[in-house]
A.B. asks: 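I have a structure I would like to understand better, so I am pasting it below and will then ask my questions one at a time.
Start at 1 with the first residue, then count along the sequence. FYI, side chains are in, hydrogens and waters are out, and symmetry mates aren't considered; it's all heavy atoms of this structure.
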Amino acid sequence: MNADFTSEEKFLIKKDKVLSNVIKTNGPIKFSNNRKDPFDTFVDIIISQFISTLAAKSIKEKMLENFNEKKFKVENFEKLSVIQIKNLGLSLNKAKSIKAVISWLEMQSMKTFFNLTQVEREKLLLKIFGIGPWSVDMFEMFCIRNKNIFSYGDAALRQAMIQLKMVDKDATQKQFENYAEKWAPYKTHACLHLWEMIES
């Protein structure tokens, strides 16, 4: 076994034979423990909704280039109208969603927010316009750095699991989630490897 695998990956290799082959083919994938900036994470997630990873990457790069920034900041957007944000390459709803996030962040103490339980955070996030269950899962993974998230709403994850015959092609949400339970408490690490498999 590759000595560079993390303890989480070694755990998954032992727990799931099918996933084990995927992890060994991919090689180690590092998952940072450092929380990402909430606003930057939100904009990233909103851009990525309903489009391919490649398309999202291209839009994100163009937008950052436009602002001459390395990451998205509230001040890049707060003086822009919804239409001006849309003209950066987004749909009208995504532009509205970014504005809604700015208003939401103004009312939050992020320190208190980070100390809430996952369920409490989810309730608050789902109140933001344009933020649904998939976006909440991505926020939990990449901002909070929660190691134990499986996102049924992610089409690429479902595709990977069907391709690997972990579940049938007409499996229910419950069947997907039941299979993912064997990856607990490191479901996020399993997702990273399934995404890598689909993208490579």
A.B. asks: Does CG in N68 sit with more than 12 non-hydrogen atoms of other residues, nucleotides or ligands closer than 6.0 Å?
C.D. replies: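 Open: at most 12 neighbouring heavy atoms sit under 6.0 Å from CG of N68.
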A.B. asks: Within a 6.0 Å radius of atom NZ on K17, are there more than 12 heavy atoms belonging to other residues, nucleotides or ligands?
C.D. replies: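 Open.
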A.B. asks: Could you tell me if the side chain of L125 sits less than 4.5 Å from the side chain of I128, heavy atoms only?
C.D. replies: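 Yes. Closest side-chain heavy atoms under 4.5 Å.
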A.B. asks: If every non-hydrogen atom of S151 is compared with every non-hydrogen atom of L157, which pair is closest and at what distance?
C.D. replies: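 That closest heavy-atom pairing would be O-CD1, 3.5 Å.
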A.B. asks: Which heavy-atom pair separates G130 from S97 by the least distance, and what is that distance?
C.D. replies: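 Looking at all heavy atoms of both residues, the shortest contact is CA-OG, 3.7 Å.
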A.B. asks: Centre-to-centre under 6.0 Å for F67 and F77, is that the case here?
C.D. replies: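 Between F67 and F77, the centre distance is under 6.0 Å.
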A.B. asks: Are M110 and I46 connected in the hydrophobic side-chain network, where two residues link if heavy atoms are under 4.5 Å apart?
C.D. replies: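 Same cluster.
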A.B. asks: D44 vs K60, test: side-chain contact (heavy atoms from CB on, under 4.5 Å). Steps then yes/no.
C.D. replies: CA-CA 7 Å; D44 218 336; K60 182 184 172 180; 2.8 Å; yes
A.B. asks: Please tell me if the side chains of Q118 and N148 come closer than 4.5 Å, counting only heavy atoms from C-beta onward.
C.D. replies: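 No. Closest side-chain heavy atoms not under 4.5 Å.
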A.B. asks: Under a 4.5 Å cut-off applied to non-hydrogen side-chain atoms, are I23 and H189 in contact?
C.D. replies: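 In short, these two side chains do not touch, never coming nearer than 4.5 Å.
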A.B. asks: Go through it in stages, so that I can follow the logic: the residues are L194 and L19, the test is side-chain contact (heavy atoms from CB on, under 4.5 Å), and I'd like the CA-CA distance, side-chain angles, deciding distance and then a yes or no.
C.D. replies: CA-CA 8 Å; L194 294 177; L19 186 65; 3.9 Å; yes
A.B. asks: Which pair of non-hydrogen atoms, one from L88 and one from M63, has the smallest distance, and what is that distance?
C.D. replies: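 Where L88 meets M63 most closely, the heavy atoms are O-CG, 3.7 Å.
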A.B. asks: Kindly compute the distance separating CD (E140) from OG1 (T41), expressed to the nearest 0.5 Å.
C.D. replies: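 Result: 11.5 Å between the selected atoms.
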A.B. asks: Looking at every non-hydrogen atom in both residues, tell me the closest pair between G89 and I59 and how far apart they are.
C.D. replies: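 Answer, listing the atom of G89 first, then I59: O-CD1, 3.9 Å.
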A.B. asks: Please determine which of Y186, W183, F5 meets the ring-ring contact (aromatic ring centres under 6.0 Å, His included) test together with F11.
C.D. replies: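 When Y186, W183, F5 are each tested with F11, the ring-ring contact (aromatic ring centres under 6.0 Å, His included) holds only for Y186.
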A.B. asks: Is there side-chain contact between V18 and K182, with at least one heavy-atom pair below 4.5 Å?
C.D. replies: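 No; the side chains remain at least 4.5 Å from each other.
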A.B. asks: Is there a side-chain contact between L116 and K123 in this structure, where contact means two heavy atoms from C-beta onward sitting under 4.5 Å apart?
C.D. replies: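 L116 does not reach K123 side chain to side chain.
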A.B. asks: Start with the C-alpha gap between S48 and M138, add the side-chain angles, then the distance that decides, and say whether side-chain contact (heavy atoms from CB on, under 4.5 Å) holds.
C.D. replies: CA-CA 10 Å; S48 304; M138 296 306 113; over 6 Å; no
A.B. asks: Group every Ile, Leu, Val, Met, Phe, Trp and Tyr by side-chain heavy-atom contacts under 4.5 Å, then state whether V82 and I85 land in the same group.
C.D. replies: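 Cluster IDs for V82 and I85 differ.
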A.B. asks: Would you tell me whether S103 and E106 have side-chain atoms, one donor and one acceptor, within less than 3.5 Å of each other?
C.D. replies: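 Side-chain D/A pair, S103 to E106: absent.
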A.B. asks: Could you tell me if the side chain of F150 sits less than 4.5 Å from the side chain of Y179, heavy atoms only?
C.D. replies: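 Sidechains of F150 and Y179: no contact.
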A.B. asks: Taking all heavy atoms of L80 and all of K99, pick out the closest pair and write down the distance.
C.D. replies: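 Heavy-atom minimum between the residues: O-NZ, 2.6 Å.
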A.B. asks: Are F114 and V136 grouped together when hydrophobic residues (ILVMFWY) are joined by side-chain heavy atoms under 4.5 angstrom apart?
C.D. replies: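 Yes, one cluster joins them.
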A.B. asks: Taking atom NZ as the centre, does K86 end up with more than 12 heavy-atom neighbours from other residues, nucleotides or ligands that are less than 6.0 angstrom away?
C.D. replies: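 No.
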A.B. asks: Going through the distances and angles, do I162 and F176 end up as a side-chain contact (heavy atoms from CB on, under 4.5 Å)?
C.D. replies: CA-CA 9 Å; I162 291 165; F176 277 97; 3.9 Å; yes
A.B. asks: Do I29 and E9 touch side chain to side chain, with heavy atoms closer than 4.5 Å?
C.D. replies: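 Sidechains of E9 and I29: in contact.
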A.B. asks: Would you check if there is a donor-acceptor pair between the side chains of E61 and S58 at a distance under 3.5 Å?
C.D. replies: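 No.
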A.B. asks: Are the aromatic ring centres of F42 and F139 under 6.0 angstrom apart?
C.D. replies: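 Yes.
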A.B. asks: Any chain of hydrophobic side-chain contacts (each under 4.5 Å) joining V101 to L92?
C.D. replies: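 Different clusters.
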A.B. asks: Measure across P38 and L105 and return the closest heavy-atom pair with its distance rounded to 0.1 Å.
C.D. replies: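 Nearest pair, atom of P38 first, then L105: CB-CD2, 4.4 Å.
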A.B. asks: Do the side chains of L126 and I45 join up, straight or via other hydrophobic residues, at under 4.5 Å, putting them in one cluster?
C.D. replies: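 Same cluster.
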A.B. asks: I'd like to check K36 versus K71 (side-chain heavy atoms, cut-off strictly below 4.5 Å). Are they in contact?
C.D. replies: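 The answer is no; the side chains never approach within 4.5 Å.
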